[in-house]
Amino acid sequence: MTNSLLRNATSFREYVTDVQGNVVFDTGNLGWARKTFAAVTMAGVQYTAITYAPGWNGKIMNEGDWAADNQWYTYTIEATPEAADAPQTKEFKFFLDNTKPTLEDVSLYEEDGKIYLTGIASDNFYVQRLRVIDSTQDYWYLAEAEAFDAITETGSRTRFTFDVTDLASALASDGKNPGRVGLLLEDVALNASLVFVDLGPRASLWKAALWRLARASRFPPPSSPPAWRILS
């Protein structure tokens, strides 16, 4: 864990508690801790934070068992600043999530001369994004994230629809398999599910590509947002 302190502390402690208040991880008192400091170099100002290791590995202290999944926990920093008489605390709530999101009812359909890829995306907590990738998993061609950001209820099931009319031609022009794509769904904890979809022989009849190749690391937004509907 990396911490950035505004003042030097005469004592410093980190611990994690579950919803019942049980301590599942505790560093104990780590003693004196230095505040974040800055050093002026030829490249500019460099700020250095103090790192304490090891951080919590997800296991219950002194037991070795993994902490319960799909629950809220509280990470607490407790420190006594220099010249202070009592410790100060800062709490951060977080949700421990090791469950993959789910893709259901994935299918293709035609309407008004266009071809659409649709399905239902869900997660036990929150979905982060959905991408349409090539069959070798090298590049993505269509993506959506903002629609999931608008969802406020955990566990929501969301109907997604991508216009893939020109996708096969885009894949073929990039040297990829035009008959198969993948749907990569990720939640906010970066758990991921991957489902492959066969586009079929009609892909060879689709028009020239409107979407160009994009490297996965760059994540540019799609040129035309898909349609979305929250089911529950």
Side-chain angles (χ1 to χ4, degrees), residues 1-4 14-25 55-60 65-77 89-108 116-134 137-164 167 181-197 211 214-232:
M1 297 181 181
T2 301
N3 299 280
S4 181
E14 300 171 345
Y15 58 96
V16 176
T17 53
D18 61 18
V19 290
Q20 288 80 33
N22 301 312
V23 178
V24 297
F25 170 75
W56 187 41
N57 62 3
K59 293 186 177 182
I60 300 175
D65 296 329
W66 293 104
D69 195 14
N70 301 326
Q71 291 190 16
W72 284 97
Y73 291 83
T74 302
Y75 163 57
T76 303
I77 298 175
T89 61
K90 180 67 176 179
E91 294 184 349
F92 301 90
K93 303 288 186 180
F94 66 95
F95 188 77
L96 184 60
D97 181 10
N98 291 313
T99 303
K100 292 182 178 181
T102 302
L103 284 163
E104 304 172 86
D105 300 331
V106 177
S107 62
L108 292 164
Y116 297 92
L117 175 60
T118 187
I120 298 174
S122 62
D123 186 63
N124 64 309
F125 198 52
Y126 291 107
V127 170
Q128 178 178 187
R129 64 188 172 193
L130 175 64
R131 291 181 286 176
V132 179
I133 62 176
D134 71 277
Q137 305 177 47
D138 287 335
Y139 309 113
W140 69 269
Y141 287 76
L142 300 169
E144 180 55 54
E146 292 183 2
F148 294 115
D149 290 340
I151 296 174
T152 58
E153 295 185 10
T154 60
S156 295
R157 301 173 71 244
T158 307
R159 167 69 66 178
F160 63 87
T161 302
F162 286 111
D163 182 349
V164 295
L167 182 56
V181 295
L183 280 170
L184 180 61
L185 180 66
E186 298 168 282
D187 65 16
V188 292
L190 295 182
N191 300 306
S193 293
L194 176 62
V195 172
F196 288 100
V197 181
W211 285 279
R215 293 240 173 226
S217 60
R218 295 178 183 173
F219 303 118
S223 58
S224 178
W228 299 85
R229 181 165 61 91
I230 298 176
L231 298 183
S232 62

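Quick note: residue numbers are just sequence positions, from 1.
With sequence neighbours excluded, the residues forming a ring-ring contact (aromatic ring centres under 6.0 Å, His included) with Phe95 are Trp72, Phe125, listed by chain and number. Judged as a side chain to side chain donor-acceptor pair (under 3.5 Å), and not counting sequence neighbours, Asp149 has no contacts. Under the side-chain contact (heavy atoms from CB on, under 4.5 Å) criterion, Glu186 pairs with Arg129, Arg131, Leu184, Leu190, Ala192, sequence neighbours left out. Taking Tyr116 as the reference, Tyr109, Glu111, Lys114, Thr161, Asp163 meet the side-chain contact (heavy atoms from CB on, under 4.5 Å) condition, with sequence neighbours excluded. Partners of Thr74 by side chain to side chain donor-acceptor pair (under 3.5 Å), not counting sequence neighbours, listed by chain and number: Lys93. Applying the salt bridge (Lys or Arg N to Asp or Glu O under 4.0 Å) test to Glu104 and every residue at least two apart in sequence or in another chain returns Arg157. Remark: Lys90 engages no residue in a side chain to side chain donor-acceptor pair (under 3.5 Å) (not counting sequence neighbours). Residues forming a ring-ring contact (aromatic ring centres under 6.0 Å, His included) with Tyr15 (at least two apart in sequence, or on another chain): none. Partners of Ser107 under the side-chain contact (heavy atoms from CB on, under 4.5 Å) rule, at least two apart in sequence or in another chain, are Thr118. Annotation: side-chain contact (heavy atoms from CB on, under 4.5 Å) contacts of Ala67 (sequence neighbours excluded): Trp56, Ile60, Tyr73, Leu96. Qualifying side chain to side chain donor-acceptor pair (under 3.5 Å) partners for Asn70, counting only residues two or more places apart in sequence or in other chains: Thr99, Asn124.
Note that the CD1 atom of Ile133 and the CG atom of Asp138 stand 9.0 Å from one another [nearest 0.5 Å]. Residue Asn191 holds its CG atom at 8.0 Å from NZ of Lys100, rounded to the nearest 0.5 Å. Arg159 CZ to Ile120 CD1: the interatomic distance, rounded to the nearest 0.5 Å, is 4.0 Å. We find the CZ-CZ distance between Phe160 and Phe162 to be 7.0 Å, quoted to the nearest 0.5 Å.
Of all heavy-atom pairs between Asp69 and Asp97, the closest is OD1-CA, 3.4 Å. In plain terms, the two heavy atoms of Leu103 and Ser193 that are nearest each other are CD1-O, 4.3 Å. Pairing each heavy atom of Phe25 with each of Gly55, the nearest pair is CZ-C, 3.9 Å. Across every non-hydrogen atom of Phe94 and Val16, the tightest pair is CZ-CG1, 3.9 Å. When all heavy atoms are compared, the tightest approach of Glu14 to Tyr75 is OE2-OH, 3.3 Å. Between Tyr126 and Asp123, the closest heavy-atom pair is N-OD2, 3.2 Å.
Of the possible donor and acceptor atoms, none in the side chain of Asp105 sits under 3.5 Å from a partner among the backbone N and O of Gly119. Of the possible donor and acceptor atoms, none in the side chain of Asp18 sits under 3.5 Å from a partner among the backbone N and O of Val24. Side chain of Asp187 to backbone of Gln128: no donor-acceptor contact under 3.5 angstrom is found.
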Go through the steps for Val106 and Leu117 under the test side chain to side chain contact (heavy atoms under 4.5 Å, CB included), then give the verdict. CA-CA 7 Å; Val106 177; Leu117 175 60; 3.9 Å; yes
Between Tyr141 and Val181, does the side chain to side chain contact (heavy atoms under 4.5 Å, CB included) criterion hold? Intermediate values first, please. CA-CA 10 Å; Tyr141 287 76; Val181 295; over 6 Å; no
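The local environment of CD in Glu146 is sparse, with at most 12 non-hydrogen atoms from other residues, nucleotides or ligands closer than 6.0 Å.
Within the 4.5 Å cutoff, the side chain of Val127 has no heavy atoms near those of the Thr158 side chain. With contacts defined as side-chain heavy-atom distances shorter than 4.5 Å, the pair Leu183/Phe196 does not qualify.
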